[in-house]
Amino acid sequence: DTEVTQTPKHLVMGMTNKKSLKCEQHMGHRAMYWYKQKAKKPPELMFVYSYEKLSINESVPSRFSPECPNSSLLNLHLHALQPEDSALYLCASSQDRTSGGSYNEQFFGPGTRLTVL
Amino acid sequence: DAKTTQPTSMDCAEGRAANLPCNHSTISGNEYVYWYRQIHSQGPQYIIHGLKNNETNEMASLIITEDRKSSTLILPHATLRDTAVYYCIVRARFNDYKLSFGAGTTVTVRA
């Protein structure tokens, strides 16, 4: 299984809502990532988890709250978002160096298209 | 990570080879060349990587010049499904987590 799945595919939420994005992989990867992609721009890294621990937070506002409950799952909790947070949110996973792999070969999911009204 | 320069866009005829250039004149000895692509509204897809030897897989070939200052990704028989943004990234293989995507080349395959 070389797939990263993300749910939901599309999400529309108001600025006062709380919602969550979900990502799952069963490739045994121990590094998992959240990226944000605005229209016609390249993906930008938000968070990195390594062995279920938060390793990188790219100064992301606290209205985005990541969670890695186990080695296969990655969540992104959303609260009090702004319309400018509307974007494609991509999850990715990769091997870890300790397993002889490289972080550079990342497997991406199809993304969640988020619209904040 | 070394800086890369790619053309903004290019067209290719269906069935013909697509040659995508990438300049990386400041590449250092331990840095690899990676290629990803992103088809519209999908997540990026890893294509291939190489250090100095030419590489080939089921998707593409990667040709790296002898001085390693530039490379070319070759899609041997482009199809309409190869229409995508192609990203060239130069990084050391065993480094930190931050994979940074540049603007990439928008490749349009025309029938």
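Being a predicted model, the structure only gives us computed values, none of them experimental. Just so we're on the same page: letters track the sequence lines, and every chain starts at 1. In what follows, every heavy atom counts, from backbone to side chain, and hydrogens, waters and symmetry copies are set aside.
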Could you state whether [X] and [Y] fall into the same hydrophobic cluster, counting links through intermediate Ile, Leu, Val, Met, Phe, Trp or Tyr residues with side-chain heavy atoms under 4.5 angstrom apart?
| X | Y | answer |
| --- | --- | --- |
| B/L75 | B/I63 | no |
| B/Y86 | A/L88 | no |
| A/L76 | A/V4 | no |
| B/F101 | A/L90 | yes |
| A/L74 | A/L54 | yes |

Worksheet entry | Side chain / backbone / both / neither for B/Y32 at chain A, heavy atoms under 4.5 Å | neither
Worksheet entry | Residue part contacting chain A, namely of B/S41, when any heavy atom lies under 4.5 Å | both
Item to complete: Check whether any side-chain N or O of B/Y97 sits under 3.5 Å from a backbone N or O of A/A31 as a donor-acceptor pair, and report yes or no.
Response: no
Worksheet entry | A/N104 side-chain N/O to B/A92 backbone N/O, donor-acceptor pair under 3.5 Å | yes
Discussion item. If we define contacts as heavy-atom pairs under 4.5 Å, which of A/S50, A/G111, A/C91 has the most with chain B?
Written reply: A/S50
Item to complete: For each of A/K40, A/Q37, A/E44, tally heavy-atom pairs with chain B at distances under 4.5 Å, and name the one with the top tally.
Response: A/Q37
Does a side-chain heavy-atom distance below 4.5 Å link [X] with [Y]?
| X | Y | value |
| --- | --- | --- |
| A/P43 | B/Y36 | no |
| B/Q42 | A/P110 | no |
| A/Y35 | B/L99 | yes |

Worksheet item: How many angstroms lie between atom CD of B/Q38 and atom CZ of A/F108, to the nearest 0.5 angstrom?
Response: 8.0 Å
Worksheet item: In Å, rounded to the nearest 0.5 Å, how long is the span from OH of A/Y103 to CZ of B/R91?
Response: 10.0 Å
Discussion item. For A/K18, is the NZ atom crowded, meaning more than 12 foreign heavy atoms sit under 6.0 Å from it?
Written reply: no
Worksheet item: Just wondering, more than 12 heavy atoms not from A/R63 lying within 6.0 Å of its CZ?
Response: yes
Fill in: Contact winner vs chain A - B/G43, B/A103, B/P44, heavy-atom pairs under 4.5 Å
B/P44
Practice prompt. Scan side-chain atoms only and decide if A/E105 and B/Y34 contain a donor-acceptor pair under the 3.5 Å cut-off.
Written response: yes
